[in-house]
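What follows is a set of notes on a single structure, which appears directly below.
Keep in mind it's a predicted model, so treat the numbers as computed, not measured. Quick note: numbers below take in every heavy atom, side chains included, and nothing from hydrogens, waters or symmetry partners. Lettering of chains follows the sequences in order, A, B, ..., and the numbering in each one begins at 1.
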Number of protein chains: 2
Amino acid sequence: MPVQEHRALATRRDVRSAGAPAAGFLRHYRQGRCIYDEGDEAHFFYEVRSGVVRMSSVLQDGRRLVDSFHTEGQLFGLEPARSHTLCAETLSDCNIVSYRWNGVEAKMSTDTMTSNWLFSYAMQTVTTARNHAILLGRKTATERVAAFLMEWVGRSPDPTVIVLAMSRQDIADYLGLTVETISRTFSKLERESLIQMTTSRLIEVRNRSALRRLSA
Amino acid sequence: MPVQEHRALATRRDVRSAGAPAAGFLRHYRQGRCIYDEGDEAHFFYEVRSGVVRMSSVLQDGRRLVDSFHTEGQLFGLEPARSHTLCAETLSDCNIVSYRWNGVEAKMSTDTMTSNWLFSYAMQTVTTARNHAILLGRKTATERVAAFLMEWVGRSPDPTVIVLAMSRQDIADYLGLTVETISRTFSKLERESLIQMTTSRLIEVRNRSALRRLSA
DNA sequence: CGATTGCTTGATACCTCTCAACCCAGGTGG
DNA sequence: CCACCTGGGTTGAGAGGTATCAAGCAATCG
């Protein structure tokens with residue numbers, strides 16, 4: 001998929017992030033748009049103001065792994081190399097701030113706040129990636145799904161309800177499983193009264209502590 | 001395992017790393033020592049001068065995941081939080097430089113080289129962790145083992161010979177498999193003449209390109 | 001030597017994948 | 001309005017890959 005043209009769809013103005021001393025552009029992206037693709041030159045990095053962004057990479061033969069989902073306040077697209085190693089797409093309508101690398105790089109040498117901001121983001125990313133690796137390397141399907149649900153319970157304003165922005169396929173590719181296994185596991189958790197699916201995207205959490213124990 | 005006492009076993013002197021403007025202590029660690037454990041306070045981070053260091057974490061029930069192996073020139077132990085989230089141990093005799101966080105943090109605000117050094121290390125760690133996640137989430141046993149071998153071919157001075165510093169159990173926990181599967185896969189690769197095992201720790205690479213293709 | 005530890009190999013079990021059918025909601029067009 | 005189509009989700013049956021359990025082997029170390 002080609003990179004989304006950098007045309008503002010709604011808002012576009014200078015903004016200053018709460019934690020970010022660097023100036024950036026706020027833009028609106030419609031649902032299902034590609035922000036950048038694997039291999040695109042990494043001129044910008046981004047901050048989610050609202051909505052959900054999916055980062056993923058695809059192997060030659062089509063196997064896909066979803067690296068992470070980003071929500072309000074999270075940075076993404078910071079790359080060690082010249083080009084992006086992942087693809088970023090919007091799962092919902094999003095407001096996203098983009099920061100130009102050049103400007104920030106200059107600031108980093110003089111501005112402690114900026115460099116600390118980016119550094120702590122990078123460290124946080126490392127921690128997230130490690131937890132993801134533990135999940136993928138050593139957890140069962142049920143544990144993975146439970147961990148996934150706990151992750152979104154934590155991000156939800158109401159800890160008893162989860163509104164999923166992503167499809168079963170996205171969840172499968174994030175957890176290193178197949179859609180069928182995701183579906184079966186959800187159904188199993190529902191039979192055991194840990195959750196209830198109002199619709200396939202709307203999950204009610206019935207027993208959070210049991211879910212947490214399962215996610216171990 | 002408790003943290004290894006910070007007693008110099010052989011050498012101990014002030015050093016300045018090639019890329020590192022920060023001062024540190026060079027120490028020698030014998031094989032099989034714990035440098036720090038999960039939960040220890042993260043006063044230091046480290047740079048490998050020689051030898052191999054294994055980073056791992058363990059779940060409650062004993063399942064272990066090896067996060068990474070570090071060799072000459074690599075940093076480890078940089079943490080976003082106050083305490084270490086992984087355990088670091090030496091797989092061979094090692095020379096390791098430790099840097100005190102306090103000193104470096106102060107430097108980071110004034111010294112561009114230091115902050116760049118740490119930042120680029122962090123970004124590199126992110127990339128490594130992502131590749132590990134792809135391996136764990138979407139690759140078969142054969143592909144994982146092939147990727148593992150390719151990784152060490154790249155680190156080896158002689159690209160036709162790999163001297164493994166780690167046990168089969170370490171490899172298994174790094175690749176999210178069991179020792180038996182590692183052993184069977186090695187044997188299969190040997191039957192197919194892609195490698196030859198002189199001893200269990202000494203692997204001769206017979207067909208590197210085939211190995212690389214397999215690792216995809 | 002005998003004991004120990006790590007590695008290899010075999011037989012079987014189990015979990016997840018694969019393939020296939022079906023269901024359901026939403027959208028389209030006659 | 002309804003028949004049809006479509007795509008995502010669910011469920012079932014069977015296959016397959018890796019884990020588990022168990023035995024045997026090889027190297028190392030008292």
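Residues from residues 139-148 of chain B placing a heavy atom under 4.0 Å of any atom in DNA chain C do not occur. For the segment residues 178-198 of chain B, residues with any heavy atom less than 4.0 angstrom from an atom of DNA chain D are, sorted by number, B:Thr178, B:Glu180, B:Thr181, B:Arg184.
Considering CE of A:Met55 and OH of A:Tyr36, their distance stands at 3.5 Å, rounded to 0.5 Å. Within the model, atoms CG of A:Leu78 and CZ of B:Phe119 stand 4.5 Å from one another, a figure rounded to the nearest 0.5 Å.
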> Yes or no on side-chain hydrogen bond (donor to acceptor under 3.5 Å, both in side chains) for B:Ser156 and B:Asp158, after CA distance, side-chain angles and deciding distance?
Replying inline: CA-CA 5 Å; B:Ser156 173; B:Asp158 177 350; 5.7 Å; no
> Given B:Ser187 and B:Arg191, is the side-chain hydrogen bond (donor to acceptor under 3.5 Å, both in side chains) satisfied, shown in steps?
Replying inline: CA-CA 6 Å; B:Ser187 298; B:Arg191 274 198 306 278; 5.2 Å; no
> Under the side chain to side chain contact (heavy atoms under 4.5 Å, CB included) criterion, do B:Val161 and B:Thr198 qualify, and how do the steps go?
Replying inline: CA-CA 10 Å; B:Val161 175; B:Thr198 309; over 6 Å; no
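The nearest whole Å value for the distance from the CZ atom in A:Arg168 to the C1' atom in D:dT10 is 9 Å. Computed from coordinates, the A:Gln169 CD to C:dC17 C1' distance equals 13 Å when rounded to whole Å. The distance between atom CZ of A:Arg138 and atom P of D:dA19, rounded to the nearest whole Å, is 7 Å. One interatomic measurement links the two molecules: CG of B:Asp173 to P of C:dG6, which rounds to 13 Å at whole-angstrom precision. At whole-Å resolution of the value, CG in A:Asp170 and C1' in D:dG9 are 13 Å apart. Separating the CG atom of B:Leu164 from the C1' atom of C:dC7 is a distance of 13 Å, rounded to the nearest angstrom. The CG atom of B:Leu136 sits 13 Å away from the P atom of D:dT18 (whole-angstrom rounding).
For the pair B:Leu149/B:Leu194, no side-chain contact is recorded, criterion being any heavy-atom separation below 4.5 Å from C-beta on.
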> Once each nucleotide of nucleotides 24-30 of chain D is scored for protein heavy atoms under 4.0 Å, what B/S/- sequence comes out, 5' to 3'?
Replying inline: -------
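Taking the six-membered ring where tryptophan is involved, the planes of A:Tyr46 and A:Phe76 are essentially parallel, since the angle between them stays under 30° and well short of 60°.
When the side-chain hydrogen bond (donor to acceptor under 3.5 Å, both in side chains) test is applied to B:Glu204, the partners found at least two apart in sequence or on another chain are B:Arg206.
The stretch residues 126-138 of chain A participates, sequence neighbours left out, in these side-chain hydrogen bond (donor to acceptor under 3.5 Å, both in side chains) pairs: A:Arg138-B:Asp173.
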> Using Watson-Crick and G-U wobble pairs whose two distances are both under 3.5 Å, how do you write the pairing of DNA chain D as dot-bracket, with | for links to another strand?
Replying inline: ||||||||||||||||||||||||||||||
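A side-chain donor-acceptor contact under 3.5 Å links A:Ser215 to the backbone of A:Arg212. The backbone N or O of B:Leu91 lies less than 3.5 Å from a partner atom in the side chain of B:Gln31, making a donor-acceptor pair.
Test B:Asn95, B:Thr71, B:Asp93 against B:Ser50 for side chain to side chain donor-acceptor pair (under 3.5 Å) and you get one pass: B:Asn95.
The pair B:Arg155-B:Glu151 meets the salt-bridge criterion, since a charged nitrogen lies less than 4.0 angstrom from a carboxylate oxygen.
Distances shown here put every side-chain N or O of A:Arg201 at or beyond 4.0 Å from the OP1 or OP2 atom of D:dG8.
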